[in-house]
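Heads up, the thing below is written out as structure tokens.
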Protein chains: 2
Amino acid sequence: MLTKLDPALIRDLPPFSGMTLDQMTTLLAKATPLRADKGSHIFDMGAEARSFFLLLDGYIRVVRTTPNGEQVIARYIASGELFGIAEALGMKQYPASAVAAVDCVALSWPSDIWHATAAAYPAFATNTYKTIGGRLQDAQDRLVEMATERVEQRVASAILNLVERSGRQTDDGILIDFPISRQDISEMTGTTLHTVSRLMSGWENDGLVKSGRQKITVIGSEALSLIANKEGSSQ
Amino acid sequence: MLTKLDPALIRDLPPFSGMTLDQMTTLLAKATPLRADKGSHIFDMGAEARSFFLLLDGYIRVVRTTPNGEQVIARYIASGELFGIAEALGMKQYPASAVAAVDCVALSWPSDIWHATAAAYPAFATNTYKTIGGRLQDAQDRLVEMATERVEQRVASAILNLVERSGRQTDDGILIDFPISRQDISEMTGTTLHTVSRLMSGWENDGLVKSGRQKITVIGSEALSLIANKEGSSQ
DNA sequence: ATCCTGGTTTGATGCAGCGCAAACGCGGGA
DNA sequence: TCCCGCGTTTGCGCTGCATCAAACCAGGAT
């Protein structure tokens with residue numbers, strides 16, 4: 001598993017694009033490998049941001065918890081992505097929790113080498129900031145979506161998003177390749193698991209998806225995408 | 001007005017903290033002053049991000065427009081803040097439009113000097129990334145709020161936010177010191193101007209706010225804050 | 001003084017989606 | 001094999017808010 005630590009094997013990951021093999025080798029030498037069992041918390045919201053991470057294998061759920069104990073899923077991290085990069089934005093604490101959605105393998109670096117690292121490897125810094133840019137954009141897209149679209153469309157586009165980013169082709173259709181519940185989807189879209197369940201039952205009847213316990217396979221992504229983009233009733 | 005260009009006068013703005021007067025002088029030498037009349041667009045969503053900006057005076061509304069023509073207000077920029085810093089995140093286009101909420105004065109720099117500038121003045125880069133971090137955090141906070149809180153609470157906290165960031169003490173109470181309509185508030189909170197109007201009429205009756213045409217004065221900020229944080233019906 | 005325009009208020013009505021409740025089914029552990 | 005627990009499904013009543021519609025009001029232009 002940790003043979004992945006061979007720089008040649010991960011040199012193609014987006015966070016490292018533009019770096020030389022030598023640079024990567026020195027950077028990787030500073031990393032600590034990390035194994036996280038399904039369900040375990042890699043870090044918790046509000047904790048001091050001691051490390052930043054690169055996910056090598058698995059999926060991570062980034063979650064915010066409200067004062068009232070409700071949860072909102074900010075995003076999923078797929079393998080090859082950086083996460084926990086609070087330090088790059090001058091934050092002292094993690095703004096959200098990272099929970100392993102499946103068994104995961106990651107690398108971690110101490111936060112305090114961030115500045116020196118960024119200075120030494122500008123390409124790495126640039127890549128990181130691009131990642132952050134993408135996430136900011138994404139957050140604002142979702143904000144707009146929450147403000148203007150109704151539940152059905154939000155759920156449809158959440159599923160499409162997951163499929164795009166983490167879909168695996170099977171003979172049935174495209175499978176979201178980590179366990180995901182109705183509850184999870186409701187926490188991504190700001191609704192209740194009941195509503196998600198109802199919607200998906202409907203789609204299952206229409207043959208758009210096929211789903212089981214924590215398992216979703218999309219068959220008619222075009223049709224789903226129609227739903228995601230269809231006008232609400234008026235304006 | 002543009003006497004403000006004197007570095008000594010703006011050296012205390014957060015984006016420049018940690019820089020020497022000399023550094024600021026060279027940086028300011030590369031800036032172009034800019035005047036934007038109320039209502040004018042400084043840049044539009046989707047346009048090529050040729051410049052980044054520092055607002056010296058006024059207020060800017062950062063707006064996203066949906067495919068259906070609806071608008072969502074992403075945030076307000078107050079004087080002393082940077083905006084349009086897409087280049088720092090490797091974005092080619094502005095992700096939102098910037099509209100002058102009042103007559104504004106700003107400085108602009110060409111985007112392509114960003115990287116050299118960030119390299120030459122690390123403090124400036126750090127400050128900028130902190131700003132971005134704050135905005136990412138803010139976007140995600142609002143996302144959580146949209147997902148979990150009901151309209152009344154969202155409107156209350158939006159108003160409190162505006163008051164905190166742009167409030168001016170008057171004999172009546174704290175005034176939001178730029179023109180802001182019910183419609184604007186609805187576009188910040190994902191509701192309709194009707195609902196905002198109803199809510200605010202109620203608060204006006206209760207003596208929590210006093211408001212006129214595009215003018216809002218908050219009297220009972222503690223009470224408002226209670227509303228903003230009160231539990232929804234259940235859980 | 002009068003009109004016009006853009007913002008605001010208020011009423012009436014309908015429905016999407018939530019809260020609550022109960023039952024179901026699959027998969028894993030004993 | 002049976003049981004238990006967690007995820008899921010489904011029904012029902014209720015309500016928060018959107019939608020539609022109309023009137024109102026203040027300030028600037030003529």
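Quick note on labels: first sequence line is chain A, next is B, and so on, each numbered from 1. A quick note: this is a predicted structure, and the numbers were derived from the prediction, not measured. Computed from heavy atoms alone, side chains included, the values below leave out hydrogens, waters and symmetry copies.
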Could you please name the option among [options] that lies closest to any side-chain atom of [X]?
X       : options                   : result
T195(B) : dT8(C), dC17(D), dT8(D)   : dC17(D)
R198(A) : dT19(D), dT8(C), dG19(C)  : dG19(C)
S197(B) : dT8(C), dT19(D), dT8(D)   : dT8(C)
R182(A) : dT19(D), dT8(C), dT9(D)   : dT9(D)
R213(B) : dT10(C), dA26(D), dT10(D) : dA26(D)
H194(A) : dT9(C), dA21(C), dG17(C)  : dA21(C)

When you check the gap from the basic side-chain N to the acidic O, do R165(B) and E81(B) get nearer than 4.0 Å?
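Yes, this pair counts.
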Do D103(B) and R35(B) sit within salt-bridge range, that is, some charged N less than 4.0 Å from a carboxylate O?
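Looking at R35(B) together with D103(B), the answer is no, because their closest N to O distance does not fall below 4.0 Å.
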Quick one: K215(B) NZ to dT9(C) C1', roughly how many Å, whole number?
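Taking atom C1' of dT9(C) as the reference, NZ of K215(B) is at 17 Å.
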Can you find a side-chain donor-acceptor pair between R182(B) and S211(B) that sits under 3.5 Å?
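Side-chain D/A pair, R182(B) to S211(B): present.
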Within the 4.0 Å heavy-atom criterion, would you say S201(A) contacts the bases, only the backbone, or no part of the nucleic acid?
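If one applies the 4.0 Å heavy-atom cut-off, S201(A) turns out to touch the sugar-phosphate alone, with no base involved.
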Could you check whether Y76(A) and F178(A) have their ring centres less than 6.0 Å apart?
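Between Y76(A) and F178(A), which both carry aromatic rings, the centre distance is below 6.0 Å.
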